[in-house]
Amino acid sequence: MVFSLGRRRKAAAVSTCPFTSASAPPADAPRLQQHRDVPLVTDRREAESFVRQFHHEQPDAGDVERRVREVLAEIDRTGTYEHTPAELSFGARVAWRNAARCIGRLYWRSLVVRDLRHVTSADGIAAACFEHLRTAGNGGRIRPVISVFAPDRPGRPAPRIVNDQLVRYAGHSTPGGRWIGDPRGASSTARARALGWKRDDEAFQVLPLMVEERPGARPEWYELPEDSVLEVPLRHPDHAWLAELGLRWYAVPAISDMTLEIGGVRYPAAPFNGWYMGTEIGARNLADVERYDLLPVVADRLGLDRSSERTLWRDRALVELNVAVLHSFQEAGVTMADHHTESERFLRHIARESRHGRPTPADWSWIVPPVSGSTTPVFHRYYDPVDASLRPAFLPRER
């Protein structure tokens, strides 16, 4: 998603923001006694730090000290606290801003936040996820969207979405060892089949959505409605034979297996999407040996010499495959970024954040595109180091 190798990094810029560590309460603040019989799942320091960050960046939000006292009192009573709609929206957007592996963070303020904390049933979550895909697909003009479902609470873990993306293609091997579909979807395919889903021998069969109403429970599964999955058939502007391969890819890359953490509160079901950068499909999903592994097929149809690596047949096939992806999305009227333009935008994002006195942590190996990396400006510079403690954040979900 319009998300170093042996390179020495510059020292990180020092943040001067007042909310990077928890502040001590004012001297006249009442001492809040924690009830010993309430299991504490939300860290009070993280909660206070977030509230102060929110009020620092949203100066019209009201009295910060009063809100801090409210939050800490609620944590002492219940073990956690509830974000206001404004806090939730701000936290989700800042989590995107903090995502060190994403190159498309220039648009973090535009994230559409769907507050669905009241939806807790598997049926309701599935229906809301399908609506997420329709909203994000937007007739091809892809919108960044996040749907935030209920958070974990003391003694009440929230529902989980099993799939790693809301849309993913199935994959399985035949008895002869030949792969059909996407190997990345193999484990989800096996799990869906165990639940009763019928797998077909198709290269691009959309997996069902699987939802656990509580961790470890048997998931419910749901076929994705056709109108919720926007797909783009792939063609090449100069090589008509590529259409004969029957390739296609879905337009909305909605990540659904990460936990959104805001101020110590964890939302384990919070699918979110941006839009694709062409290389994610053309240079990784379709080209990687452990994915669709199409470079030999494309090279042969191009008539390239594959007798030696020195002919650079892989490189030439890779470029043409990426040309096909960009061309097809453009012709279909579906939003997609190319890696050169998105690299320039990321540097604009860094400059904008710098003007606000904020560092921009970035993982060089993810920011630099997998095609023609050295021709992009993001290749030729250092970045603020990744800070695993930075919050709000999208985190790998605990299983």
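Quick note: residue numbers are just sequence positions, from 1. Worth knowing before you read on, the calculation uses all heavy atoms, side chains too, and leaves out hydrogens, waters and symmetry mates.
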Quick one, [X] and [Y] - any side-chain contact, counting heavy atoms below 4.5 Å?
X: Leu72; Y: Glu48; result: yes
X: Pro233; Y: Leu247; result: no
X: Cys129; Y: Val211; result: no
X: His239; Y: Arg301; result: no
X: Leu286; Y: Val298; result: no
X: Ile255; Y: Asp164; result: no
X: Val64; Y: Arg52; result: yes
X: Gln53; Y: Val94; result: yes

For atom [atom1] of [X], decide whether the heavy atoms of other residues, nucleotides or ligands shown that lie under 6.0 angstrom number more than 12.
X: Arg156; atom1: CZ; answer: no
X: Glu131; atom1: CD; answer: yes
X: Arg184; atom1: CZ; answer: no
X: Glu290; atom1: CD; answer: yes
X: Arg316; atom1: CZ; answer: no
X: Arg109; atom1: CZ; answer: yes

Q. Any idea how Phe346 and Tyr383 line up, ring-wise: parallel (<30°), tilted (30 to 60°), or perpendicular (>60°)?
A. tilted
Roughly how far apart are [X] [atom1] and [Y] [atom2], rounded to 0.5 Å?
X: Thr376; Y: Asp338; atom1: OG1; atom2: CG; result: 11.0 Å
X: Phe90; Y: Phe54; atom1: CZ; atom2: CZ; result: 7.0 Å
X: Glu82; Y: Glu87; atom1: CD; atom2: CD; result: 9.5 Å
X: Thr360; Y: Asp384; atom1: OG1; atom2: CG; result: 6.0 Å
X: Arg193; Y: Ser188; atom1: CZ; atom2: OG; result: 14.0 Å
X: Asn285; Y: Tyr169; atom1: CG; atom2: OH; result: 10.0 Å

Is [X] salt-bridged to [Y], cutoff N-O under 4.0 Å?
X: Glu244; Y: Arg235; value: no
X: Asp63; Y: Arg67; value: no
X: Lys198; Y: Asp200; value: yes
X: Arg345; Y: Glu342; value: yes

[X] side chain to [Y] main-chain N or O, any donor-acceptor pair under 3.5 Å?
X: Arg391; Y: Ala388; result: yes
X: Asn98; Y: Pro361; result: no
X: Thr80; Y: Ile75; result: no
X: Asp257; Y: Asn163; result: no
X: Ser89; Y: Ala86; result: no
X: His172; Y: Gly181; result: no
X: Glu213; Y: Ala122; result: yes
X: Thr375; Y: Ser372; result: yes
X: Thr78; Y: Glu74; result: yes

Q | CA sep, side-chain torsions, deciding dist, call: Trp249, Phe329, ring pair (Phe, Tyr, Trp, His ring centres under 6.0 Å) | A | CA-CA 9 Å; Trp249 205 262; Phe329 272 67; 9.4 Å; no
Tell me if the aromatic rings of [X] and [Y] count as close, with their centers under 6.0 Å from one another.
X: Phe272; Y: Phe394; value: yes
X: Phe50; Y: Tyr81; value: no
X: Tyr382; Y: Trp364; value: no
X: Phe204; Y: Tyr250; value: no
X: Trp197; Y: Tyr222; value: no

Can you name the nearest heavy-atom pair linking [X] to [Y], along with the distance?
X: Gly171; Y: Trp179; answer: C-CZ3, 3.4 Å
X: Ser256; Y: Leu166; answer: OG-N, 3.5 Å
X: Gly264; Y: Glu46; answer: CA-OE1, 3.2 Å
X: Ala100; Y: Val386; answer: CB-CG2, 3.8 Å
X: Arg199; Y: Thr189; answer: CD-CG2, 3.8 Å
X: Leu88; Y: Ile262; answer: O-CD1, 3.9 Å

(Q) If you apply the rule salt bridge (Lys or Arg N to Asp or Glu O under 4.0 Å), what do you find for Asp152 with Arg266, and how did you get there? (A) CA-CA 6 Å; Asp152 285 333; Arg266 293 196 163 200; over 6 Å; no
Q.
What verdict does the salt bridge (Lys or Arg N to Asp or Glu O under 4.0 Å) test give for Glu57 and Arg358, after you've listed the backbone C-alpha separation in whole Å, the side-chain angles of each residue and the deciding distance to 0.1 Å?
A. CA-CA 11 Å; Glu57 295 194 34; Arg358 295 190 292 255; 3.4 Å; yes
Q) Are side-chain N/O atoms of Asn322 and His339 paired as donor and acceptor at under 3.5 Å? A) no
**Q.** For Glu212, the option from Arg397, Arg191, Arg218 that meets salt bridge (Lys or Arg N to Asp or Glu O under 4.0 Å)
**A.**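 Of the listed residues Arg397, Arg191, Arg218, the salt bridge (Lys or Arg N to Asp or Glu O under 4.0 Å) partner of Glu212 is Arg191.
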